[in-house]
Amino acid sequence: MSIPQKKNKNRRTPTNNQNLQRDFSVAGIRAVNEGEDNRAFELSFSSEEPCQMWFGLEILDHDTGAVDLSRMESIGVVLFNHDRDKVIGKVTRVWIEDHRGKATIEFDKDDESETVRSKVASGTLKGVSVSYRVTNYESVKEGAKSLDGRFTGPCYVAKKWMPYEISIVSVPADATVGVGRDLNEDSLPPPGMADRPALSYYEGCVTANKNH
């Protein structure tokens, strides 16, 4: 796939570290069981659709070994609008299927969580967002193919990345063919790279593409 890159006139050098975030439409979210009181839902939280980030076009690889699900499996939580003080549920199962990140979540029973659950069940809330961190990129030059031949540049393919948490969000930033994306101008690079100039950051974590 090849998508024109937008020029970012406000590109800037990172000064500190934080997680990246993306928004997705969850029109496909479904209740696991029947009944008005069902608390378990299945949803998609990531895909390989390209996303225009502040540093260029980013693609999250979902091939075997690319996604580290260990954190989500051990302490995965569901937040509301990425607010750490608004934990509304937990991740009970997480897996990769058809090059998408999928999860089963279960809402808590407190009043705040129940309010969000009921709005998800009724279809009022349809947005999901994932917080993640990339530790290895493959840089694909314009017109070149990624090393596995699956993607066409210019783009940065996240070859090693870890989702941190799933959020139900009130307003997804965008929706294209069922998948929404958030152009997060504050998204910054992985740990240890934040205080370096942009070029040094990419030299440190990008696997150079040998295709010319």
Hey, does [Y] have a side-chain heavy atom less than 4.5 Å from the side chain of [X]?
X: His82; Y: Ser131; answer: yes
X: Val116; Y: Leu125; answer: yes
X: Val134; Y: Tyr156; answer: no
X: Val32; Y: Arg39; answer: no
X: Thr135; Y: Trp161; answer: no
X: Val67; Y: Met162; answer: no
X: Lys109; Y: Glu114; answer: no

* Please walk me through it: do Glu48 and Phe151 pass side-chain contact (heavy atoms from CB on, under 4.5 Å)? -> CA-CA 10 Å; Glu48 292 186 339; Phe151 307 107; 3.7 Å; yes
* Under the side-chain hydrogen bond (donor to acceptor under 3.5 Å, both in side chains) test, residues paired with Ser122 that sit two or more places apart ->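 side-chain hydrogen bond (donor to acceptor under 3.5 Å, both in side chains) check on Ser122 returns Thr124.
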* Gap between atom OG1 of Thr152 and atom CD of Glu142 - 0.5 Å precision ->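 It is 11.0 Å, given to the nearest 0.5 Å.
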* **CD1-OG1 distance between Ile96 and Thr64, expressed to the nearest 0.5 angstrom** => 9.5 Å
* Kindly indicate, with the supporting measurements, whether the criterion ring-ring contact (aromatic ring centres under 6.0 Å, His included) is fulfilled by Tyr137 and Phe55. => CA-CA 12 Å; Tyr137 280 106; Phe55 51 80; 5.7 Å; yes
* Asked: Of Cys51, Cys155, Pro154, which meets side chain to side chain contact (heavy atoms under 4.5 Å, CB included) against Leu57?
  -> Cys155
* Asked: Looking at Thr115, Ile88, Val169, which hits side chain to side chain contact (heavy atoms under 4.5 Å, CB included) with Phe80?
  -> Ile88
hydrophobic_cluster_shared for [Y] and [X], side chain cutoff 4.5 Å:
X: Val87; Y: Val91; answer: no
X: Leu60; Y: Met53; answer: yes
X: Val78; Y: Leu69; answer: yes
X: Ile168; Y: Val77; answer: no

Nearest heavy atoms of [X] and [Y], plus distance in Å:
X: Val140; Y: Lys145; value: CG1-C, 3.8 Å
X: Gly89; Y: Asp108; value: N-OD2, 3.7 Å
X: Ile166; Y: Ala103; value: CD1-CB, 3.8 Å
X: Gly123; Y: Lys126; value: O-CE, 2.8 Å

[X] side chain vs [Y] backbone, donor-acceptor pair below 3.5 Å:
X: Asp110; Y: Glu112; value: yes
X: Asn81; Y: Ser170; value: yes
X: Arg100; Y: Phe45; value: no

* To do: Decide if atom CG of Asp111 counts as having more than 12 heavy atoms of other residues, nucleotides or ligands within a radius under 6.0 Å.
  => no
* Asked: Is it true that atom CD of Glu73 has more than 12 heavy atoms of other residues, nucleotides or ligands lying nearer than 6.0 Å?
  ->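 Result for CD/Glu73: enclosed.
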Does the pair [X]/[Y] count as a salt bridge with the N-to-O cut at 4.0 Å?
X: Asp61; Y: Arg150; result: yes
X: Asp148; Y: Lys159; result: yes
X: Glu42; Y: Arg93; result: no

* Asked: Are Ser46 and His62 linked by a side-chain donor-acceptor pair shorter than 3.5 Å?
  ->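 Result is yes, a qualifying pair exists.
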* Going by atom types alone, do Glu106 and Thr92 pair a side-chain donor with an acceptor below 3.5 Å? -> no
* To do: With sequence neighbours excluded, tell me which residues meet salt bridge (charged side-chain N to carboxylate O under 4.0 Å, His left out) with Asp68.
  => none
* With sequence neighbours excluded, residues passing salt bridge (charged side-chain N to carboxylate O under 4.0 Å, His left out) with Lys102 ->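 With sequence neighbours excluded, Lys102 shows a salt bridge (charged side-chain N to carboxylate O under 4.0 Å, His left out) to Glu97, given in chain and number order.
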